[in-house]
Amino acid sequence: MIDRILSMFTTVGHEPHGSILVILFIGFVFGFILQYTRVAEFDKIAGFAMMKDTIVPKMLFFAIGLTSIGLYFMVKMGYAEYHIKPILLGGLVIGGIIFGIGMAIFGKCPGTGPVSIADGRMDVLVGAIGGVLGGLIFTVYYDKFKLIMGKSLGKDSLTTIFTGHESLAIFIFGIGLIVISIIIPLRELDEE
Amino acid sequence: MIRKMPWWLGGILMAGLLLFAFSHIGASRPIGASTYVPYFAGILFNLDPQEYPYLQEVNNAGAWEGVMLLGALFGGFITSVFITKTFKFTVMPAGWKKYKNDSVLSRLFWSFLGGFLLIVGARLAGGCTSGHFLSGMSQGAISSMIFGGVVLITVLVTGKLFYKSGAENDR
């Protein structure tokens, strides 16, 4: 097992996706933001499911709105590329439903979970064991799950659908999300 | 020091981090956070990638996310101890006690099941809140918008059905 953990670092080291230090830095800042804004807390995510806390959707939509416009310019100027995921309708819809149920009752998602464990939340550690079991079953029965996921319907995005009006489509999308994030009423389920 | 960062500042910083990760000086790839789980399961149960094609598919992305999440654990821990000062070993979230029940066993059972569903769902869809929501929708990806719409509706419906409304608790 130790050798496979070490091979994780060599795999990453050989890849062109940033040095190990840069990736650790990205993770560090990711954990810092999720912890400092408290969006990794059960009360924030399950609170959103109960519509008693709106910090998660406000921050999420605001970040997506800003990033979509920034990234569009970066791609245009050649500083980045798009990495669009394929449309696997069965996987997206059925996976989305299963994911949504899990997110509402667990009060975590795969990124906020580890941050919560680092905050001392032991119920999340138990949930992580459930998650590893889920990952194991998915890996072992991948051929069966693949049947549910279905065939790829392509990798469409706003820029491929609205060819010729890409800038306008991205601006409407990005600014729309920023406006939504601002008009969602601020509600907080505070434990303190 | 202020112990909580406002949502808009968190949104700006998260956008900056996503753009950095996408950029050539960063990692030239989106941030994702659910592929590492089957990767980690493969290590933990010593599964042979030759036998399980999925492990070959996720080998590079799983390793990348594994290293990133090590950083996230560290960043979360440092922030929890020194900035938010919230670090404490607990098993019962305040909201669960108020809107579900006060049984630790019930919380642990549902956490386990919730974690299980979360990963199966994310792997079926090919992404999670990070990969689809944050990174995917920021690229205007249709797949991520379908996932995002389904997840938003399911989260709100589940929240309505699973938890008490809280009216009787507020008295």
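Below, chains carry the letters A, B, ... as their sequence lines are ordered, and counting in each starts from 1. Here the structure is a predicted model, which means the values were calculated and not measured.
Taking CG of A:L158 as the start and CE of B:M137 as the end, the distance is 9.5 Å to the nearest 0.5 Å. Atom-to-atom distance recorded for A:F32:CZ and B:T79:OG1 is 5.5 Å, nearest 0.5 angstrom. The CD1 atom of B:I12 sits 11.0 Å away from atom CD1 of A:I33, with the distance rounded to the nearest 0.5 Å. We find the CZ-NZ distance between B:F147 and A:K85 to be 9.5 Å, quoted to the nearest 0.5 Å. Once rounded to the nearest 0.5 Å, the distance linking OG1 of B:T84 with CZ of A:R38 reads 5.0 Å. Atom CZ of B:F20 and atom CZ of A:F25 lie 6.0 Å apart (nearest 0.5 Å).
At least one donor-acceptor pair closer than 3.5 Å links the side chain of B:Y163 to the backbone N or O of A:A104. A distance-only check finds no donor-acceptor pair linking the side chain of A:D119 to the backbone of B:S80 [under 3.5 Å]. Judged by distance alone, with hydrogens and angles left aside, the side-chain atoms of A:H83 form no donor-acceptor pair with the main-chain N or O of B:P30 at under 3.5 Å. For the pair B:W64 (side chain) and A:H17 (backbone), a donor-acceptor distance under 3.5 Å is present.
Of the atoms belonging to A:K155, not a single heavy atom falls under 4.5 Å from chain B. At a 4.5 Å heavy-atom cutoff, the contact between A:E15 and chain B is made by side-chain atoms alone. The contact between A:S181 and chain B is made by backbone and side chain atoms together, counting heavy-atom distances below 4.5 Å. The part of A:P86 that comes within reach of chain B is its backbone (N, CA, C, O), which places non-hydrogen atoms under 4.5 angstrom from that chain. Heavy atoms of B:I43 lying under 4.5 Å from chain A belong to its backbone as well as its side chain. The contact between A:L71 and chain B is made by backbone and side chain atoms together, counting heavy-atom distances below 4.5 Å. For A:Y36, the parts sitting under 4.5 Å from any heavy atom of chain B are the backbone and the side chain alike. Within the 4.5 angstrom heavy-atom criterion, atoms from both the backbone and the side chain of B:I2 approach chain A.
Residues A:V75 and B:F22 form no side-chain contact, since every pair of their non-hydrogen atoms from C-beta on lies 4.5 Å or further apart. The closest side-chain heavy-atom distance from B:F116 to A:I98 is not below 4.5 Å. Counting heavy atoms from C-beta on, the side chains of B:L44 and A:M1 come closer than 4.5 Å.
Nearest heavy atom pair, residue B:L19 against residue A:M74, reads O-CE, 3.4 Å. Closest of all the heavy-atom pairs between A:G111 and B:A33 is CA-CB, 3.7 Å. Taking all atoms of both residues into account, the shortest heavy-atom contact from B:Y39 to A:R4 is OH-O, 4.4 Å.
Between B:W7 and A:F62, the distance from one ring center to the other falls under 6.0 angstrom.
Residues A:E188 and B:K4 are paired through a salt bridge, judged by an N-O separation under 4.0 Å between the basic side chain and the carboxylate.
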Query raised in the report: Does the pair A:F28 and B:I78 meet the rule for a side-chain contact (heavy atoms from CB on, under 4.5 Å), with working shown?
Result: CA-CA 9 Å; A:F28 188 91; B:I78 297 285; 4.1 Å; yes
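Ranked by non-hydrogen atom pairs under 4.5 Å with chain A, the options B:G131, B:P53, B:A122, B:G115 are led by B:G115. Considering only heavy-atom pairs separated by less than 4.5 Å from chain A, the leading option among B:L118, B:L161, B:I119 is B:L118. Contact count against chain A (heavy-atom pairs under 4.5 Å) is highest for B:R107 among B:R107, B:E65, B:R29, B:K100. In terms of non-hydrogen atom pairs under 4.5 Å with chain A, the most contact-rich of B:V151, B:V37, B:L73, B:T90 is B:T90.
Using non-hydrogen atoms only and a strict 4.5 Å limit, the part of residues 161-179 of chain A facing chain B consists of A:I161, A:F173. Scanning residues 122-140 of chain A against chain B with a 4.5 Å non-hydrogen threshold yields A:M122, A:D123, A:V126, A:G127, A:I129, A:G130, A:G131, A:V132, A:L133, A:G134, A:G135, A:L136, A:I137, A:F138, A:T139, A:V140, sorted by number.
In the hydrophobic cluster analysis, where Ile, Leu, Val, Met, Phe, Trp and Tyr join through side-chain heavy atoms closer than 4.5 angstrom, A:L186 is grouped together with B:L156.
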